[in-house]
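A short worksheet on the structure shown next.
Below, read A as the first sequence line, B as the second, and so on, with proteins coming before strands; counting in each chain starts at 1.
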Number of protein chains: 2
Amino acid sequence: MIREVDVTSMSDVARAAGVSAATVSRALRGEPGVSEATRRYVTEVAKRMKYAIARDASSLAGGRRFAIAVLTGDVGRGDLLAGAEGALRQAGFDVLLYVLGDAGSRTGFFEEMPLGRRVDGVLALSIVLAEAESAALATLDVPVVRVDDGDLRSALRIAVGHLIGLGHRDIALVLADGVDESYDEVLVAEGLEIRPEWTLWSSPTVVGGEQVADALLDGDRLPTAVVSSNGEVALGVFMRLRRDGRAIPADISLVSLDDRDLTRAVGITAIEGAQREEGERAVAALLGSIRGDGGSSVHGLSARLVVRDSTGPA
Amino acid sequence: MIREVDVTSMSDVARAAGVSAATVSRALRGEPGVSEATRRYVTEVAKRMKYAIARDASSLAGGRRFAIAVLTGDVGRGDLLAGAEGALRQAGFDVLLYVLGDAGSRTGFFEEMPLGRRVDGVLALSIVLAEAESAALATLDVPVVRVDDGDLRSALRIAVGHLIGLGHRDIALVLADGVDESYDEVLVAEGLEIRPEWTLWSSPTVVGGEQVADALLDGDRLPTAVVSSNGEVALGVFMRLRRDGRAIPADISLVSLDDRDLTRAVGITAIEGAQREEGERAVAALLGSIRGDGGSSVHGLSARLVVRDSTGPA
DNA sequence: CTGTTAGCGCTTTCAG
DNA sequence: CTGAAAGCGCTAACAG
């Protein structure tokens, strides 16, 4: 396709404004060394001509790229991405998106490393990087900032604290398969008694949650509160308990350590990562690095309790 | 931050390979006019030197940008985005992401139009563009491809067809607020009788769905099936009916015209857009346009019924 | 098939 | 404060 169009270039603007291209460049970028009057006038003219700096040429000449690569394994974590994108756009950076969800595209990406000399920094959002992958990124010689999912332990601590504050002592903990650590100490630390039958594992699905609820209902005593590490499991527990005639939160309170569309929709109290904000914070850190020390860093999603309708007094 | 590094440029490679820069350029891009032997050797050397073409310079000189702007209003539609990104990356295009979720960033974007001379095409994913916005994009003079949500009418047709196949005749239709058209004709066309009290409106929330279910339960006759235009509403209906002791699908079948995490998790039969595939198809169309006629086009998410556990014989 | 020569549209010294 | 000149690293004619 041939496009023979609107090549309003900087020199066009310069000519129209009766100054040199250098002055236009300085004026438009807010560089010092231009009188305010000139700057205003040039900006004016540029806008009238709908002129926009050609990034390619600008990068080539200036050495800066004004672009950040955003790597993510899971577009589902939408707000994190949205927050980061907004902050970057506002700061004048392009966002080059790379969705590294499946193994194929992921290995492909790290083999090709298509970022060479193309970005000023890298943001890795909720994707756990292998050693080799981190190393590959390091060769780009630009700052890398990672945002990981918040850690379960502290989320659990917050949830349990909330429940204890409501007077609960009998708290069951449902962990999604794959979670292999023990979290008893968190309960112990709060002075709670550990009952083995109240620590349950479940596949990370709604059906799994329903089975867990069944197991709970079959026990000789029901806890007054349930904490689930996974949102879908929480929903399963919620639905089964309700169907069994248990009122939530009157009979049983429920907290999810994982906040999702699901839990939000149903009104389940949950620990949410402040995703949007964290995305913005990560961008701030990255831009700081770019301007400053060039260092890399790792951020955890900050945990925050959102009390909804599934928790109440014991 | 000062970066005084690895500026392996094309001429470095050329020197190392004992050829001219032009030859390296041709060889690396697969352009004709290079002997196979030379191409192989040059490629070899380049790889060994870890050389990667500088996109900026390449674009500047060549006039092509190898970048596509992807506009989306809703990162939640993850698979569409993932599909498009994968296809674009494979084709060698950068993806410049713009999340135009909230009004502020959206108007900001269309006022600034930061894309001038920066992309070879635009992909608008599940975002309905206003007249003025389309016009703004048109000024970029690059192909624009849009992928819209599938249309409700055809989704409804599929859902109703499915239910009728299962023997249902008493079908209630729940529309989320904002849907203003009448869909009676779809039912009529299938030979169904229209009962006004079985066409209900609801806020697009779980609570709204629960209220709808209440209204249904209060009626003098219960439909044998419910179709909801919205996933969250469907979930609300689902939960309330179950709590009221109605078995799904034994007593009542339920179909959502909108497939989401929610409906998937709970196992509600739904009409899903084949998002990933559609993303790839849109990219194919866009790349075709870029190479060819430069035309723009609109794609609908292709509707597909996913039968889960919420529908069964009447 | 390959090399040479001009730029692409900016930013950046360096003078003025 | 402003302008002129010299590239940034490539690609695209044009010659050989």
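- For A:S134, the side-chain hydrogen bond (donor to acceptor under 3.5 Å, both in side chains) test picks out no residue, with sequence neighbours left out.
- Pairs of residues two or more places apart, or lying in two chains, that qualify as salt bridge (Lys or Arg N to Asp or Glu O under 4.0 Å) and include a residue from residues 103-116 of chain B are B:R106-B:E133.
- Between its two ends, the helix from C:dC1-D:dG16 to C:dG16-D:dC1 turns its axis by 30°, counting five pairs per end and rounding to 10 degrees.
- The stretch residues 105-133 of chain A participates, sequence neighbours left out, in these ring pair (Phe, Tyr, Trp, His ring centres under 6.0 Å) pairs: A:Y98-A:F109.
- Residues that satisfy the side chain to side chain contact (heavy atoms under 4.5 Å, CB included) test with A:A91, not counting sequence neighbours, are A:F93, A:L287.
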Q. Using a cut-off of 4.0 Å between protein heavy atoms and nucleotide atoms, how would you tag nucleotides 6-16 of chain D 5' to 3' with B, S and -?
A. -BBBBBBB---
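- Counting only residues at least two apart or in different chains, salt bridge (Lys or Arg N to Asp or Glu O under 4.0 Å) contacts with residues 12-24 of chain A comprise A:D12-A:R15.
- Residue A:S35 places at least one side-chain N or O closer than 4.0 Å to OP1 or OP2 of D:dT2.
- Salt bridge annotation for B:R48-B:E44: present, with a cationic side-chain nitrogen under 4.0 angstrom from a carboxylate oxygen.
- You can see that DNA chain C meets the heavy atoms of chain A within a 4.0 Å-exclusive cut from C:dG9 to C:dT13, reading 5' to 3'.
- Listed by chain and number, the residues in a side chain to side chain contact (heavy atoms under 4.5 Å, CB included) with B:A135 amount to none (sequence neighbours excluded).
- Residue pairs meeting the salt bridge (Lys or Arg N to Asp or Glu O under 4.0 Å) criterion with at least one partner in residues 92-104 of chain B, sequence neighbours excluded, are A:R118-B:D94, B:R55-B:D94.
- Scored by the side chain to side chain contact (heavy atoms under 4.5 Å, CB included) test, B:A155 finds B:L257, B:I271 as partners (sequence neighbours excluded).
- Under the salt bridge (Lys or Arg N to Asp or Glu O under 4.0 Å) criterion, no residue pair touches residues 121-130 of chain B, with sequence neighbours excluded.
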